[in-house]
> 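What follows is a structure written as structure tokens; I'll ask about it next.
Please read all numbers here as calculations on a predicted model, not as lab measurements.
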Amino acid sequence: MQIRLTVLGHGDAAAGVDVQVAAPADTPLAAVLGSLAAALAPGSATPGAVFCEDHRLDPRRALLGQPPLVDGAVLAFHKPVESAGHEPVPGRLLVVAGPDAGGVHLLRGGVARIGRSAEADIPLDDPDVSRVHCAISLDPGGRVTVTDLGSRNGTLLDGRPVTGGPVPMPPGALLRLGESLIRVEVEGAVPPPPVAPPGVPQARRRGLKDLAGRRQSGGAPAEPETARAAAPEPAAADARWPDLAALLLTALGSPRAPAAGPRLWERGATHQDAFGVRLGTAQRGAEPPRPVTVALPEAGSLGLAGPRERVAGVARAALAQLAALHPPSALELVVLAPGRASEWSWLGWLPHTRPARGQDCRLLLAFEPAQATARIQELTELAARPFAGRRTVVLVDGDPGGPEARAALAHLAITGPAAGIHLIVLAEAPPATPASPTAQTLAAARAASPLFRACGTVGLLTGAVATSLRLIGSDGAESPAAGADAVSAAWAERFARALAPVTEETVGRPAGSPRQAAAPLPESCRLLDALELARVTPGTLRERWHRHTGLPLVLGAGVEGPVAVDLADLTAPLTVDGGPGSGRTELLNTLAASLASALSPRDLSLLLVEGAGAGLRPSAELPHVASYVGATDPVRIRAFAQALREELKRRAALLGEADFGRAPTRTRRVHPPRPAVEDDLPPMLARGSDPLPWLVVLVDDFDALLTPPLGAPGRQAAGSVLRVLDAVSGEGRRLGVRLIVAGGRVAAGAPAWISLTGQPPGRGELWRAGATTAFQAGRVTGRIPRTATLRPTVTRLDWARAGDPPTTRPVRELGNGPTDVALLASAATRAAETDHPTATLV
């Protein structure tokens, strides 16, 4: 178990350090308390008091991994961290839009002044807000009033100026200060139903998202459904596009918006608003404000340009929305920001940045050139694969590397959306103003980041203080200016920490989302552990043989447990793709051992074929193996091809028109196990007619088998092998014969295949039904690993290195002890000698 925490010395966030704790489950905090103190300051004594934010902990009873000691928690020594507390409050002030959106401020009654200066009770980072702009008053009866304090730009209440005061503020009303929108919620107050302003018809009106849709289609009007989604009525728009304050409350698990509520991770891949982001708020006259949204599937890649501080806030808001509304099974976040770890390390707390496709890194972050090269290579390989439904959003901030890296990203910006990859590109540029039109800002942005030219839609910050936003499509059409929504770095950190411990199991999975957790894959895996075979004995194997049906293949460990596929259900050969050093041959041994652990030698025959080398020799010890041949023996390879062809004919004659899985000839009866390997016998059955076992052919180095080099002894037999394997592929399903091929090419329309990346060896993905499942392949030819006591460890987190490959420790083995496949073969041989049939398959 691993969790990441922040440790504060005296409740001071500036003096805190982020650490990673690795420990067995249910380890008490006391076991690592000294190490946590040493990580904060070497030589520090164990603290006498420990707080998780404002709650004091008993180190002997508080368990790591259990609330509140979960991912993202903040520990403080000696004194608690100041927080809002858990006591009920009569009201809250929410900053729902603007340059400092997302703020949640508690109102305990009395008067609270709002402004830009430190003198204000509720500070706002909005340049258009006066130093002390207005005051909100909440009386004991729950009535709210607002008073303008002589602000420079005035205060608007639902579009009407606030003059004098105090002016009553009804429930649900919106207060505008500069570019900021504020809503006050009072406990027990019920907002009135929305009413259209005078002169505004209760009908659909076109909005900015509709304009974006017209730009994408070359100026043609949007489809009716798209138009209705683009310009809903105000209440419907708020429901579909929640403001950032509401999303923060959802993540924090407030009483009004619990963490398991309907808003968090509500959007699967098929949701009508999937992968859309709210970039700002538009308001014309007395009309209610409307969200300005961009759908990434329509826009392709999105560019954002403006002054550095402002454009970063808009990007933080967009990424936070994506993470709040989409589960990790539907969305993956990648960060390419060399040299800017301090600005974007908050994304590392989100479960969406944890590698779940087999990427060789701790987190999908790139703050160094080498990390950026690795992430770009991973994205390029992903773009070449069929789209599996899970989208990837890539933040690009700064120069990703040399010309090759820039060219690869520019290509991804154009072609990536078809594979579910969308770039959000940031560029520093002056805001557009009347004196400096958008054309100059766009040119400056393209000069700062050449990727801007490849973005389908760009957003430019406008106005003298860069608090407005204007969208520009690929055809150059511009939308009207709207207020830009941005969040602070502190807000983003708080939000991401709140999501750090959340899993889809605790929240509930949106409809249409595949089951996939955000836990990292193990660095290595024993097949026996994945099979839950703690003790390999004849008795445990016999019990498994009587329990299993079909041809279950356990590949190894995934993010949610063992990854398996039933070979009997596949309609085409199972192909394993992987280069040298990827663990391809070891995986074939694993598949043979997995089948042998599920079915007895009476019900399963294995045929092992080597195209080169002798990597499958360890599996030849299994009693299920009827033949083991290599391409270096032309006489034997021809005999193998002829015997397999005869076996197909024999099965066809026995079964007639029946299907193997339902044939009455598959009667279980006592049948002596086959010898492991018989070099002096034909490489096929010829030992009896009943029962008809499953027959699985495993071929390694298929390409070398078919096209051996000139002078190779097996070259003349390649044609006969190809013809008989083609017959197995075409006729085998009905006859109970299956084929597993490593080193071949994936057939078009294949129902399943395995791709190995080799980083680390055995890391791969199972592709099936349009979805991918990452796994670490089980290992069977290694020696029995030594057992060691797991001791808790505490290490300081260096976010700049979070994108590096994880540190691997070599597997310690017991010298010349038996391998796992040898243990399995020995137990299977003894189990077969005493196994008796108990049922009849019809």
> With a 4.5 Å cut-off on side-chain heavy atoms, are V396 and V335 touching?
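No. Closest side-chain heavy atoms not under 4.5 Å.
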
> Donor-acceptor pairs are to be reported for all side-chain atoms of residues 163-175 against protein atoms at under 3.5 Å, with residues two or more places apart or in another chain.
none

> To the nearest 0.5 Å, tell me how far L426 CG sits from W344 CH2.
5.5 Å

> Flag the pair E504 / S329 as yes when at least one side-chain heavy-atom distance between them is below 4.5 Å, and no otherwise.
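The answer is yes; the side chains approach within 4.5 Å.
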
> If we count only N and O atoms by modelled type, under 3.5 Å, do the side chains of T293 and R240 hold a donor and an acceptor together?
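No, R240 and T293 have no side-chain donor paired with an acceptor closer than 3.5 Å.
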
> For residues 117-124, tabulate all N or O donor-acceptor pairs below 3.5 Å that involve a side-chain atom, not counting sequence neighbours.
{"residue": "S117", "atom": "OG", "partner": "E119", "partner atom": "N", "Å": "3.3"}
{"residue": "S117", "atom": "OG", "partner": "R131", "partner atom": "O", "Å": "3.2"}
{"residue": "D121", "atom": "OD2", "partner": "R113", "partner atom": "N", "Å": "2.8"}

> Looking only at atom types and distance, does a side-chain atom of T353 sit under 3.5 Å from a main-chain N or O of L350, one as donor and one as acceptor?
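Looks like yes, one N/O pair under 3.5 Å.
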
> Rounded to the nearest 0.5 Å, how far does NZ of K79 lie from CG of L8?
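Here the rounded value is 10.5 Å.
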
> Could you tell me if the side chain of L94 sits less than 4.5 Å from the side chain of I182, heavy atoms only?
no

> Can a donor-acceptor pair be found, under 3.5 Å and without considering hydrogens, that links the side chain of R470 to the backbone of S479?
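Side chain of R470 to backbone of S479: a pair is present.
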
> Any side-chain heavy atom of V394 sitting closer than 4.5 Å to one from I421?
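With C-beta onward as the side chain, the pair touches.
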
> Using modelled atom types only, decide if a donor and an acceptor are shared between the side chain of T147 and the backbone of A135 within a distance under 3.5 Å.
no

> Considering residues at least two apart in sequence or located in another chain, which fulfil the salt bridge (Lys or Arg N to Asp or Glu O under 4.0 Å) criterion with R316?
none

> Determine yes or no for a side-chain-to-main-chain donor-acceptor pair under 3.5 angstrom, with Q321 supplying the side chain and A317 the backbone.
yes

> For R92 and H105, does a side-chain donor sit closer than 3.5 Å to a side-chain acceptor?
no

> Classify the angle between the aromatic ring planes of F495 and W491 as parallel (below 30°), tilted (30 to 60°) or perpendicular (above 60°).
parallel

> Could I get the full list of side chain to side chain donor-acceptor pair (under 3.5 Å) partners for H326, not counting sequence neighbours?
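So H326 forms no side chain to side chain donor-acceptor pair (under 3.5 Å) with any residue.
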
> Which pairs with one or both residues in residues 422-434 pass salt bridge (Lys or Arg N to Asp or Glu O under 4.0 Å), sequence neighbours excluded?
none

> To the nearest 0.5 Å, what is the distance between CG on L156 and SG on C134?
11.0 Å

> Which value, rounded to the nearest 0.5 Å, describes the distance between S180 atom OG and D100 atom CG?
6.5 Å

> Does any part of the side chain of L279, heavy atoms only, come nearer than 4.5 Å to the side chain of L471, both counted from C-beta?
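Sidechains of L279 and L471: in contact.
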
> Can you list the residues that meet the salt bridge (Lys or Arg N to Asp or Glu O under 4.0 Å) rule with E332, with sequence neighbours excluded?
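Residues passing salt bridge (Lys or Arg N to Asp or Glu O under 4.0 Å) with E332: R357, R390.
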
> Minimum heavy-atom separation for P99 and D125, please, with both atom names.
CB-O, 3.5 Å

> Looking at F452, I'd like to know if the NZ or CZ of R446 sits under 6.0 Å from its six-membered ring centre while staying within 45 degrees of the ring's axis.
no

> Could you give me the CA-CA distance, side-chain angles and deciding distance for R183 and D243, then say whether salt bridge (Lys or Arg N to Asp or Glu O under 4.0 Å) is met?
CA-CA 11 Å; R183 179 184 294 116; D243 60 74; 3.6 Å; yes

> Please give me the minimum heavy-atom distance between R391 and P417, naming the atom from each residue.
NH1-O, 3.9 Å

> So R108 and L106, do their side chains get closer than 4.5 Å, heavy atoms only?
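In short, these two side chains touch, coming nearer than 4.5 Å.
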
> Any side-chain heavy-atom pair from W241 and D273 closer than 4.5 angstrom?
yes

> Do we see a donor-acceptor contact under 3.5 Å between the side chains of T392 and H422?
no

> Got a donor-acceptor contact below 3.5 angstrom from the S301 side chain to the C455 backbone?
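Flag not set: sc S301 to bb C455 has no pair under 3.5 Å.
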
> At what distance, to the nearest 0.5 angstrom, does CG of L252 lie from CG of L264?
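Here the interatomic distance stands at 11.0 Å.
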
> Does a side chain donor of either Q272 or R267 reach within less than 3.5 Å of an acceptor in the other side chain?
no

> So which heavy atom on P437 is nearest to which on A432, and how close?
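Between these two residues, the closest heavy atoms are C-CB, 4.2 Å.
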
> Minimum heavy-atom separation for P68 to C52, with atom names?
CB-SG, 3.7 Å

> Is the closest basic N to carboxylate O distance between R116 and D126 below 4.0 Å?
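Here R116 does not pair with D126 in a salt bridge, since their nearest N and O are not under 4.0 Å apart.
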
> Would a 4.5 Å heavy-atom cut-off, applied to side chains only, mark V186 and P90 as touching?
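A side-chain contact under 4.5 Å is absent here.
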
> Show, in sequence, the C-alpha distance, side-chain angles and deciding distance for I114 and L93, and conclude whether the side-chain contact (heavy atoms from CB on, under 4.5 Å) test is met.
CA-CA 10 Å; I114 306 173; L93 184 146; 3.7 Å; yes

> Look up atom CZ in R310 and atom CG in L304, then write down how far apart they are to the nearest 0.5 Å.
15.0 Å

> Which is it for D71 and W349 under the side-chain hydrogen bond (donor to acceptor under 3.5 Å, both in side chains) test, yes or no, and what are the steps along the way?
CA-CA 8 Å; D71 250 357; W349 296 105; over 6 Å; no

> Would you check if the side chain of S130 reaches a backbone N or O of H133 as a donor-acceptor pair within less than 3.5 Å?
no

